[in-house]
**Q** 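I have a structure I would like to understand better, so I am pasting it below and will then ask my questions one at a time.
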Amino acid sequence: MATVQQYESGHPPEWCPGCGNFPILIALKNALVQSAIDPKDTVVVSGIGCSGKLPHFVKTYAYESLHGRSLPVATGVKLGNHKLTVIAVGGDGDGYGIGMGHFIHAMRRNLDLTYIVHNNQVYGLTTGQTAPTSEKGYKSKSTPHGVLEEPVNPLALAISSGATYVARTFSGDLPHMVSTILGAIRHKGFALVDVLQPCVTFNKINTYPYFMQRVYKLDAGSYNAMDKQAALAKSFEWGDKIPIGIFYKEDKPTYEDGIPHLQEMPTCKRPLDNISVDKILDELQ
Ligand SMILES: Cc1ncc(C[n+]2csc(CCOP(=O)(O)OP(=O)(O)O)c2C)c(N)n1
Ligand SMILES: [Mg+2]
């Protein structure tokens with residue numbers, strides 16, 4: 001079994017002091033250790049953003065892709081070798097803004113992926129513009145009079161689009177993050193982990209104290225995460241109280257389960273002996 005030290009890449013993160021990305025990175029490494037998956041069988045893929053730097057800081061296979069494109073790349077990796085554990089990470093702008101189409105379609109497919117969204121409700125890397133999850137009225141350099149739109153509700157979208165593990169956690173609660181991310185990695189199907197991640201530099205509204213006063217854990221004893229309607233209703237609770245935990249969980253076949261050749265072996269292991277590259281090239285001309 002690997003140790004947390006074995007997941008150190010040797011590149012220290014350059015996030016702002018106090019950034020909620022630090023505990024997410026620690027939680028991911030601890031969840032990977034507890035998952036007992038060999039680091040060489042793990043791929044972490046990101047888009048672009050402060051959060052998108054994360055693959056640099058974890059010693060697995062890694063890919064920092066384009067803004068909003070972590071899920072298409074993660075999908076390609078998974079279909080190339082479905083034996084790998086594939087984890088996509090990125091920001092709320094990356095996943096719920098420019099990457100929104102990919103987000104919904106990846107969930108419809110129920111690919112066996114873990115998707116961790118560092119939801120700081122702001123564009124961090126580009127110095128503090130309003131994001132799709134910024135609260136209505138949020139003022140920033142891009143919306144100086146306050147944003148007019150309603151924020152995107154990622155959990156409601158995930159539950160209604162076909163994701164089979166839909167969870168929210170908080171970067172101020174390390175044990176909760178570790179168990180939520182570990183559950184997502186172990187889950188067979190598309191797992192969304194939306195992390196409430198204060199941006200200490202640009203978001204002066206959704207701060208650590210803001211969340212400390214509001215966040216509460218869904219009660220595993222009384223809350224039934226298999227009830228889709230109840231999960232959808234719960235996903236709209238946001239205000240004086242903000243629930244964290246597993247909102248929805250379902251066991252159903254993955255996209256990979258429906259692809260015949262993957263039942264024999266991973267795509268990357270298929271022999272190429274009887275494939276004529278010349279013939280394919282001729283057809284393409
Ligand atoms: C196609 C494209 N459009 C815009 C950008 C500029 N850009 C880089 S990161 C980013 C938003 C970052 O916000 P978020 O995804 O929430 O990540 P954070 O930095 O907050 O972690 C933008 C707009 C880009 N790199 N590529
Ligand atoms: Mg952001």
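Atoms within a ligand are numbered from 1 in the order they appear, just like the ligands themselves.
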**Q** Keeping Asn30 on the side-chain end and Ala27 on the backbone end, is there a donor-acceptor pair under 3.5 Å?
**A**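 Here the side-chain-to-backbone pair does not exist.
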**Q** Decide yes or no for Arg69 and Ile98: does some side-chain heavy atom of the first lie under 4.5 Å from some side-chain heavy atom of the second?
**A**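 Yes, side chains in contact.
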**Q** In the structure I gave you, are the side-chain heavy atoms of Leu157 and Ile104 within less than 4.5 Å of one another anywhere?
**A** yes
**Q** Please determine which of Ile244, Asp194, Val193 meets the side-chain contact (heavy atoms from CB on, under 4.5 Å) test together with Thr180.
**A** Val193
**Q** Go ahead and list the nitrogen or oxygen contacts between ligand 1 and the protein that come in under 3.5 Å, distances to 0.1 Å, or just say none.
**A**
{"from": "ligand 1", "atom 1": "15 (O)", "to": "Gly93", "atom 2": "N", "distance (Å)": "3.3"}
{"from": "ligand 1", "atom 1": "15 (O)", "to": "Asp94", "atom 2": "N", "distance (Å)": "2.7"}
{"from": "ligand 1", "atom 1": "16 (O)", "to": "Asp92", "atom 2": "N", "distance (Å)": "3.4"}
{"from": "ligand 1", "atom 1": "16 (O)", "to": "Asp92", "atom 2": "OD1", "distance (Å)": "2.8"}
{"from": "ligand 1", "atom 1": "16 (O)", "to": "Gly93", "atom 2": "N", "distance (Å)": "2.9"}
{"from": "ligand 1", "atom 1": "16 (O)", "to": "Val122", "atom 2": "O", "distance (Å)": "3.2"}
{"from": "ligand 1", "atom 1": "19 (O)", "to": "Cys50", "atom 2": "N", "distance (Å)": "2.8"}
{"from": "ligand 1", "atom 1": "19 (O)", "to": "Gly124", "atom 2": "N", "distance (Å)": "3.3"}
{"from": "ligand 1", "atom 1": "19 (O)", "to": "Leu125", "atom 2": "N", "distance (Å)": "2.9"}
{"from": "ligand 1", "atom 1": "20 (O)", "to": "Asn120", "atom 2": "OD1", "distance (Å)": "3.3"}
{"from": "ligand 1", "atom 1": "20 (O)", "to": "Asn120", "atom 2": "ND2", "distance (Å)": "3.0"}
{"from": "ligand 1", "atom 1": "20 (O)", "to": "Val122", "atom 2": "O", "distance (Å)": "3.1"}
{"from": "ligand 1", "atom 1": "20 (O)", "to": "Gly124", "atom 2": "N", "distance (Å)": "2.9"}
{"from": "ligand 1", "atom 1": "21 (O)", "to": "Cys50", "atom 2": "N", "distance (Å)": "3.4"}
{"from": "ligand 1", "atom 1": "21 (O)", "to": "Ser51", "atom 2": "N", "distance (Å)": "3.1"}
{"from": "ligand 1", "atom 1": "21 (O)", "to": "Ser51", "atom 2": "OG", "distance (Å)": "2.7"}

**Q** As a test of understanding, state which of Val89, Asp92, Leu25 forms a side-chain contact (heavy atoms from CB on, under 4.5 Å) with His118.
**A**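 Exactly one candidate clears the test, Val89.
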**Q** State, to the nearest 10 degrees, the angle whose vertex is the Mg ion (ligand 2) and whose arms point to O of Val122 and OD1 of Asn120.
**A**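 My answer is 80°, to the nearest 10°.
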**Q** Quick one: CZ on Phe22 to CZ on Phe57, what's the gap to the nearest 0.5 Å?
**A** 8.0 Å
**Q** Do any N/O/S atoms of Asp94 come under 2.8 Å of the Mg ion (ligand 2)?
**A**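 Checking Asp94: none of its N, O or S atoms is under 2.8 Å.
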**Q** Pro198 pairs by side-chain contact (heavy atoms from CB on, under 4.5 Å) with which of Ser171, Pro209, Cys19?
**A**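 Option passing the side-chain contact (heavy atoms from CB on, under 4.5 Å) with Pro198: Ser171.
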**Q** Between the Mg ion (ligand 2) and Asp92, which N, O or S atom of the residue is the nearest one?
**A**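 Going through the N, O and S atoms of Asp92 one by one, OD1 ends up nearest to the Mg ion (ligand 2).
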